[in-house]
Trainee: 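Would you mind keeping the following structure in view while I ask a few things?
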Amino acid sequence: PGKVAVLFLDLDNFKFINDTLGHRAGDKLLQVIAQRLATVLRPSDTIARLGGDEFVLLLEDLHEEDAARRVAIRILEQMGMPVELAGQPVYVTASIGIALTDDPWLHPDELIRRADLAMYEAKRLGRDRYALFDGYMEALAWRRLEIECGLRKAIEQRELRVHFQPVVELRTGALREVEALVRWPHPERGMLQPDEFLPVAEESGLILLIDRLVLEEACRQLRDWQLQYPANRNLVVSVNLSTKQLREPGMLESVTSVLDRTGLQPEHLRIEISERAVTWDLATALDQLHALRALGIRLALDDFGSGHAAIAALRRLPIDTLKIDRTLVGALGKSERDTTLVQAVISLAKILGLTVTAEGIESPEQARQLRTFGCDFGQGTYFGGPMPAEEFAQYLSTDFSDLLQIR
Ligand code: C2E
Ligand code: MG
Ligand code: MG
């Protein structure tokens with residue numbers, strides 16, 4: 001008997017098209033896609049819409065695994081042609097998961113579930129591609145679920161912690177800012193770093209709760225310090241926000257209400273948006289960024305040079321600060337070209353009237369060189385890593401001029 005394959009297809013940017021061009025355009029898009037899918041299939045194959053922008057294709061009586069792959073490739077090619085919507089050409093891409101079997105007893109739901117998992121993997125690998133189901137995806141899915149459940153519980157029980165890292169003015173050695181960074185003290189696995197749970201938080205939407213929690217705690221803590229240590233009354237706290245948060249309709253109100261509740265002035269809050277999060281559909285978040293800026297809140301473009309939409313982001317975002325990614329800082333002194341590149345990025349920011357902060361400074365040479373290049377602020381383990389608030393207090397009454405050999 002031949003094999004059976006299920007292809008699970010999900011459009012990559014359907015929600016965005018629906019939101020910006022309207023539901024009528026969204027409906028038309030789905031019709032066009034359905035027609036294109038039909039042209040790829042044989043008469044014996046079945047196509048169904050599972051809901052939203054999800055389609056399931058059933059290919060029966062396949063003689064080889066490659067046949068399913070070829071169908072997926074043809075579908076992706078079909079997607080490449082623009083669709084005329086609301087008078088303009090719109091480009092869509094799709095992610096496809098494939099599950100195959102020659103076991104006649106395998107439940108169809110199970111086959112669809114496997115294809116769905118594979119589709120998820122295709123998304124994770126960067127979208128606009130297909131992935132074939134593999135057993136390891138099962139393990140990954142379990143792990144994601146475990147993290148998600150644990151995280152949800154940790155949020156409810158207020159177990160997440162905020163650590164603070166000093167940001168130093170390189171010219172004077174004075175403490176000017178603190179960056180708030182989330183931590184999860186996991187009951188079994190110890191202190192978890194953001195990269196171990198933020199991806200799951202982003203996918204599940206839990207990031208919205210986390211960001212709000214960190215924002216509130218960071219503002220409250222900074223206000224405390226300003227009151228306790230009058231010498232630090234101009235200290236600024238920097239908080240990372242996910243772009244999901246920026247697209248939330250209530251985001252602006254929730255930021256203002258945190259400022260009201262904690263009594264922190266807007267100019268003492270900086271919000272950081274990662275360069276990695278700046279995609280072409282950031283347009284929806286631009287209004288929110290302008291509104292934040294109008295309130296007097298400072299904005300930084302984070303992780304600059306980590307290699308995505310750098311220049312586009314510089315052109316479009318109402319930022320006042322550029323944070324140079326630590327991979328660039330780490331390249332300082334590696335070769336003449338690397339060093340010149342860092343210098344050029346600093347000059348570029350200055351020409352645009354932006355303040356520059358370098359991340360990931362680990363050595364005195366890096367600090368010295370960045371200062372010579374005119375970089376305004378620096379942050380890194382050389383000055384101090386992220387730490388709990390109690391520990392941070394010691395930095396509030398000292399400065400870093402010794403580390404910069406000033407005086
Ligand atoms: P980021 O905003 O670029 O934060 C700087 C990261 O560099 C932090 O990693 C910090 O611990 C690390 N770092 C600082 N100095 C050094 C150094 O000298 N050497 C090295 N190798 N690393 C250094 P962390 O805390 O693991 O955070 C990773 C990322 O997670 C952050 O990158 C930020 O994008 C995200 N993140 C952290 N907290 C939050 C949050 O509350 N909300 C959101 N949305 N994202 C967050
Ligand atoms: Mg940051
Ligand atoms: Mg960064």
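In each ligand, atom 1 is the first atom listed, and ligand 1 is the first ligand listed.
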Trainee: Verify, without hydrogens or angle tests, whether Gln226 (side chain) and Arg233 (backbone) share a donor-acceptor contact under 3.5 angstrom.
Mentor: yes
Trainee: If the contact criterion is a heavy-atom separation under 4.0 Å, does Pro386 count as touching ligand 1?
Mentor: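 In this structure, Pro386 qualifies as a contact of ligand 1 - some heavy atom is under 4.0 Å.
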Trainee: Quick one: which of Ser242, Gly360, Gly378, Gly384 has a heavy atom closest to atom 16 (C) of ligand 1?
Mentor: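 Residue with the shortest heavy-atom distance to the ligand atom: Gly360.
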Trainee: Considering the options Ile47, Leu100, Val71, which one meets the side chain to side chain contact (heavy atoms under 4.5 Å, CB included) requirement together with Leu7?
Mentor: Val71
Trainee: Please list, in number order, the atoms of ligand 1 under 4.0 Å from a heavy atom of Glu179.
Mentor: 1 (P), 2 (O), 4 (O)
Trainee: Determine whether a donor-acceptor pair (N or O, by modelled atom type, separation under 3.5 Å) exists between the side chain of Thr243 and the backbone of Leu246.
Mentor: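 No, Thr243 side chain to Leu246 backbone: no donor-acceptor pair under 3.5 Å.
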Trainee: Taking N, O or S atoms only and a limit of 2.8 Å, check whether Glu272 reaches the Mg ion (ligand 3).
Mentor: no
Trainee: Any idea which of Leu198, Val182, Leu160, Asp303 brings a heavy atom closest to atom 46 (C) of ligand 1?
Mentor: Leu198
Trainee: In ligand 1, which numbered atoms sit nearer than 4.0 Å to a non-hydrogen atom of Asp211?
Mentor: 40 (C), 42 (N), 43 (C), 44 (N)
Trainee: Is it true that a side-chain atom of Asp399 and a backbone atom of Gly173 form a donor plus acceptor pair closer than 3.5 Å?
Mentor: no
Trainee: Whether the side chain of Arg49 engages the backbone of Ala34 through a donor-acceptor N/O pair (distance < 3.5 Å, no angle test) should be reported.
Mentor: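 No, the answer is negative, given that no donor and acceptor are paired below the 3.5 Å cut-off.
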Trainee: Using atom types as modelled and distance alone, determine if a side-chain donor or acceptor of Arg298 lies under 3.5 Å from a backbone N or O of Leu269.
Mentor: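 No; judged by distance alone, with no hydrogens or angles, the pair does not exist.
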Trainee: Have a look at Gln366, Glu362, Arg326 and point out the one with the heavy atom closest to atom 5 (C) of ligand 1.
Mentor: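 Shortest heavy-atom distance from atom 5 (C) of ligand 1: Arg326.
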Trainee: Go through Ser204 and Glu148 one step at a time and tell me if the side chain to side chain donor-acceptor pair (under 3.5 Å) criterion holds.
Mentor: CA-CA 7 Å; Ser204 59; Glu148 188 184 328; 4.6 Å; no
Trainee: In terms of atom number and element, which parts of ligand 1 are under 4.0 angstrom from non-hydrogen atoms of Asp302?
Mentor: 1 (P), 2 (O), 3 (O)
Trainee: Any N/O/S atom from Asp325 (main chain or side chain) under 2.8 Å of the Mg ion (ligand 3)?
Mentor: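 Within the cut-off used here (under 2.8 Å), Asp325 places no N, O or S atom near the Mg ion (ligand 3).
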Trainee: Could you work out, for atom 25 (O) of ligand 1, the closest of Met387, Glu202, Gln193, Arg183 by heavy-atom distance?
Mentor: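 That would be Arg183.
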Trainee: Suppose I only count heavy atoms of Val214 and a 4.0 Å limit; which atoms of ligand 1 are within that range?
Mentor: 41 (O)
Trainee: Could you tell me whether a side-chain N or O of Lys28 sits under 3.5 Å from a main-chain N or O of Glu84, the two making a donor and an acceptor?
Mentor: yes
Trainee: Do me a favour and list the nearest non-hydrogen protein atom to atom 30 (O) of ligand 1 with residue, atom name and distance?
Mentor: Pro194 CB, 3.4 Å
Trainee: Quick one: does any side-chain atom of Gln288 pair with a main-chain N or O of Glu248 as donor and acceptor, under 3.5 Å?
Mentor: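 Answer holds: yes.
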Trainee: Is there a donor-acceptor contact under 3.5 Å from the side chain of Glu202 to the main chain of Ile207?
Mentor: no
Trainee: Which residue owns the protein heavy atom closest to atom 8 (C) of ligand 1, what's the atom, and how far is it?
Mentor: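 Result for atom 8 (C) of ligand 1: Leu181 CD1, 3.9 Å.
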Trainee: Need the atom name: nearest N/O/S atom of Asp302 to the Mg ion (ligand 3).
Mentor: OD1
Trainee: State the atom name: nearest N, O or S atom of Glu359 to the Mg ion (ligand 3).
Mentor: OE2
Trainee: Taking C-beta and beyond as the side chain, do Leu58 and Asp45 meet within less than 4.5 Å on heavy atoms?
Mentor: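 Contact flag for Leu58/Asp45 side chains = no.
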Trainee: Going by the order shown, which atoms of ligand 1 are within less than 4.0 Å of some heavy atom of Glu272?
Mentor: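 In order of number, 2 (O).
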Trainee: Taking the Mg ion (ligand 2) as the vertex, measure the angle between atom OE2 in Glu179 and atom OD1 in Asn240; round to 10°.
Mentor: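 Taking the Mg ion (ligand 2) as the apex, the two atoms subtend 90°.
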Trainee: Taking only heavy atoms of Gln165 into account, list the atoms of ligand 1 that are under 4.0 Å away from them.
Mentor: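 Within the 4.0 Å cut-off of Gln165, ligand 1 contributes 14 (C), 15 (N).
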Trainee: Quick one: are Arg152 and Cys149 in side-chain contact, heavy atoms under 4.5 Å?
Mentor: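 No, every pair of side-chain atoms sits at 4.5 Å or beyond.
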Trainee: From the N, O or S atoms in Asp303, identify the one nearest to the Mg ion (ligand 3).
Mentor: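 Minimum-distance N/O/S atom of Asp303 relative to the Mg ion (ligand 3) is OD1.
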Trainee: Considering non-hydrogen atoms of the protein only, which is the closest contact for atom 18 (O) of ligand 1, and what is the distance?
Mentor: Thr381 N, 2.7 Å
